[in-house]
Student: 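Have a look at this one.
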Amino acid sequence: MNFIRIGNRALNLDRVTHCEVQIWQDAISVKIYMAGTANNTPLVLNEEEAKEFWKYIEYVAEKPV
């Protein structure tokens, strides 16, 4: 299990199926879709949480294996 803490939430990255990022001028939001949730309703992060989460995801994506 890979948990990360974003704000006051703990997310299990193993359950994340995909993310959608929406960026407008200076605002950002992230929708996180998770496996096993009823009707696959996304978790929407506010601007500060979205920036922190996306920074972590980009760091992990660029990290060499």
Side-chain angles (χ1 to χ4, degrees):
M1 293 184 167
N2 295 315
F3 285 96
I4 60 168
R5 179 171 290 285
I6 301 295
N8 62 353
R9 305 168 197 239
L11 298 174
N12 183 354
L13 293 180
D14 294 335
R15 293 190 56 209
V16 174
T17 57
H18 69 279
C19 300
E20 293 178 4
V21 177
Q22 297 175 344
I23 301 172
W24 298 277
Q25 296 177 357
D26 61 347
I28 182 173
S29 70
V30 175
K31 292 182 183 177
I32 303 171
Y33 292 88
M34 301 180 124
T37 57
N39 72 12
N40 208 13
T41 303
L43 170 66
V44 180
L45 300 178
N46 66 29
E47 189 169 349
E48 286 186 27
E49 292 174 337
K51 286 179 183 178
E52 186 176 341
F53 175 75
W54 200 248
K55 186 182 349 176
Y56 178 78
I57 293 299
E58 286 180 335
Y59 168 75
V60 170
E62 293 176 1
K63 190 175 172 182
V65 178

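The figures that follow rest on heavy atoms only: side chains count, while hydrogens, waters and symmetry mates do not. This one's a predicted model, so the numbers in the text were calculated from it and none came from an experiment. Numbers here are sequence positions counted from 1.
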Student: In the single-linkage hydrophobic clustering (I, L, V, M, F, W, Y; side-chain heavy atoms under 4.5 Å), do V44 and Y56 co-cluster?
Tutor: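 No, no single cluster joins them.
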
Student: Hey, can you pull the donor-acceptor pairs under 3.5 Å for the side chains in residues 3-11, sequence neighbours left out?
Tutor:
{"residue": "R9", "atom": "NE", "partner": "E49", "partner atom": "OE1", "Å": "3.4"}

Student: Go through the structure and list residues passing side chain to side chain contact (heavy atoms under 4.5 Å, CB included) with E47, not counting sequence neighbours.
Tutor: A27, I28, K51

Student: May I have all residue pairs that pass salt bridge (Lys or Arg N to Asp or Glu O under 4.0 Å) and include part of residues 18-28, sequence neighbours excluded?
Tutor: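 Salt bridge (Lys or Arg N to Asp or Glu O under 4.0 Å) check on residues 18-28 returns no pairs.
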
Student: Report the residues that fulfil side chain to side chain contact (heavy atoms under 4.5 Å, CB included) with D14, sequence neighbours left out, ordered by chain and then residue number.
Tutor: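 So D14 forms a side chain to side chain contact (heavy atoms under 4.5 Å, CB included) with M1, N2, N12.
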
Student: Flag yes if W24 and V21 sit in one hydrophobic cluster, no otherwise; membership is Ile, Leu, Val, Met, Phe, Trp, Tyr, and two members link when side-chain heavy atoms are under 4.5 Å apart.
Tutor: no

Student: State whether the side chain of T17 and the backbone N or O of A35 hold a donor-acceptor pair below 3.5 Å, judged by distance alone.
Tutor: no

Student: Applying side-chain hydrogen bond (donor to acceptor under 3.5 Å, both in side chains), name anything that partners Q25, two or more places apart in sequence or on another chain.
Tutor: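 For Q25 there are no side-chain hydrogen bond (donor to acceptor under 3.5 Å, both in side chains) partners, ignoring immediate neighbours.
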
Student: Can you name the closest pair of heavy atoms from A50 and V30 and give their distance?
Tutor: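 Minimum heavy-atom separation between A50 and V30: CB-CG2, 3.6 Å.
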
Student: Check side chain to side chain contact (heavy atoms under 4.5 Å, CB included) between V16 and all other residues, then give those that pass, not counting sequence neighbours.
Tutor: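 Result, side chain to side chain contact (heavy atoms under 4.5 Å, CB included) vs V16: L13, C19, I32, M34.
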
Student: Count the heavy atoms belonging to other residues, nucleotides or ligands that lie under 6.0 Å from CD of Q22, then report whether that count exceeds 12.
Tutor: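 More than 12 heavy atoms, drawn from other residues, nucleotides or ligands, come within 6.0 Å of this atom.
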
